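One structure is given here, and the rest of the page talks about it.
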Amino acid sequence: MDTPSYPSPGYLNISVQSEDFDIGLELQQLKAATPQAGALVNFVGLVRDMSVDGKLNRMFIEHYPAMTEKALHHIAGQAFQRWPLLGVRIIHRVGTLAAQAQIVLVAAASLHRQAAFEACAFMMDYLKAEAPLWKKEIGDFGEHWVEARTSDEQAKQQWKLPG
Amino acid sequence: MDTPSYPSPGYLNISVQSEDFDIGLELQQLKAATPQAGALVNFVGLVRDMSVDGKLNRMFIEHYPAMTEKALHHIAGQAFQRWPLLGVRIIHRVGTLAAQAQIVLVAAASLHRQAAFEACAFMMDYLKAEAPLWKKEIGDFGEHWVEARTSDEQAKQQWKLPG
Amino acid sequence: MKITILYFARIKEVVNYSSEDVVLPDGVETIVALKSWLSGRGETWRKLFHGSGVVRAAINHELVDDMATVEEGDEVAFFPPVTGG
Amino acid sequence: MKITILYFARIKEVVNYSSEDVVLPDGVETIVALKSWLSGRGETWRKLFHGSGVVRAAINHELVDDMATVEEGDEVAFFPPVTGG
């Protein structure tokens, strides 16, 4: 794991892995690491069973190993700078995943709910636009790389600070 | 459980209970009930161990039994009307809870992340402002009812639709 | 007309009841009129409804404002601003 | 100067390499110059870097734009817009 490039005054744990994860266990660990927390917000992304081309059987996620964790640390570091967070947990899976499998977990712990909600949405928007991961969908239609959506880039832009 | 007062084209499950809940199990059930979902967002509220008056030992949550589930159904119904949600799960605990105990779970499932994020934040803001629940903090300082925060009313107001 | 009134949280502790059935005199047909009528019971009640604290009301499990109409058989509830979540 | 170039996802499949070490001629010192130089390898490369698809670049694991400077020993990566999450 890389050293975070930004200060992270709270708890930070980032994993890029092929194995599945247990949401309940992950949130329990985040909660245990942030005993002052009053709010936990988490996002889980799942493999949808439909692609634009038809029914999807599985998904392959490629990534840039030396860069992925660094990019996720950078994103989490920005969230720690912008919101009073107590802890962050990020997991992104890579490799071959079945339909409905869990792909990504982003969780934030804070005293009050607004910081956790905003930071969690911010980190997902940045992850979608900046983390070096690529999805390939595999189905009866054959296989294709997922096209980047301009809405994901726009979602990131909305977080830009003025000036 | 009351009949929802609003249409809920998706999966909806609301509980008001004294028992604790298992976040992982709840999200697994929500996921199973919404096989098309690509995004799950959930909020968990926890009893903080500090009150404005000092260290908190436990919290007592009173509610208006005949009205609480109805109010939560109303809130979830509004979320289903405003966002393309596939499913919603809400649990609110009542009675005596220890410091760091789980108080509330609000989870939303949708195809894409934005709907789930917004609906989850919306439901929490409305729950805080409209659901008939009252917290009493108990600590070395004695006990006191928690004061409503004007920021919670403001958080609700921001969701008002124009006109 | 006869209604049931419920009290919750701090208000329940102040009035020392959790519920009561009352028969309202003619003319007491709104929440604001009901608050005034209850205030006639004495200092505790007057301070409750005319003091600095906000008292919210529900009729038959729906939040209402002061101008809402009370009808025969209604369940009226008085409580402080909510603090769940 | 000598650098390492990595290719990912669709681009890796197009060029049919995942990585290569290359020695750059004098004057090739930016990402845009590197793209032009690689385009000289033939039609596949020219279409990759000058076609309709966006090609993103990173130097030493940091996202960069076309004007970024390439230095001796750098790890340069080319990849399509990311689609994780």
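Chain letters run A, B, ... following the sequence lines, proteins first, then strands; residues in each count from 1. Since we're looking at a predicted model, the values are computed, not measured.
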Quiz item: Does the side chain to side chain contact (heavy atoms under 4.5 Å, CB included) test come out yes or no for B/K136 and C/E13, once each step is laid out?
Solution: CA-CA 12 Å; B/K136 179 187 267 187; C/E13 293 179 355; 2.6 Å; yes
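- Heavy atoms of B/H63 lying under 4.5 Å from chain C belong exclusively to its backbone.
- Minimum heavy-atom separation, C/H61 to B/M67: O-CG, 3.3 Å.
- Within the 4.5 angstrom heavy-atom criterion, no atom of B/I61 approaches chain C.
- The aromatic rings of C/F79 and B/W134 sit tilted, their planes meeting at an angle between 30° and 60°.
- In terms of heavy-atom proximity, B/K128 sits nearest to C/G84 at CD-O, 3.5 Å.
- Interface remark: B/A71 contributes no atoms to any contact with chain C (heavy atom separation under 4.5 Å).
- Here OG1 of C/T83 is found 9.0 Å from CD of B/E137. Values are rounded to the nearest 0.5 Å.
- We find that B/E147 and C/R10 are joined by a salt bridge, their nearest charged nitrogen and carboxylate oxygen being less than 4.0 Å apart.
- In this structure a side-chain-to-backbone donor-acceptor pair under 3.5 Å is present from B/K135 to C/G85.
- Crowding of B/Q28 atom CD: a count of heavy atoms from other residues, nucleotides or ligands under 6.0 Å not exceeding 12.
- Annotation for B/Q29: atom CD counts as buried by contact number, over 12 foreign heavy atoms lying within 6.0 Å.
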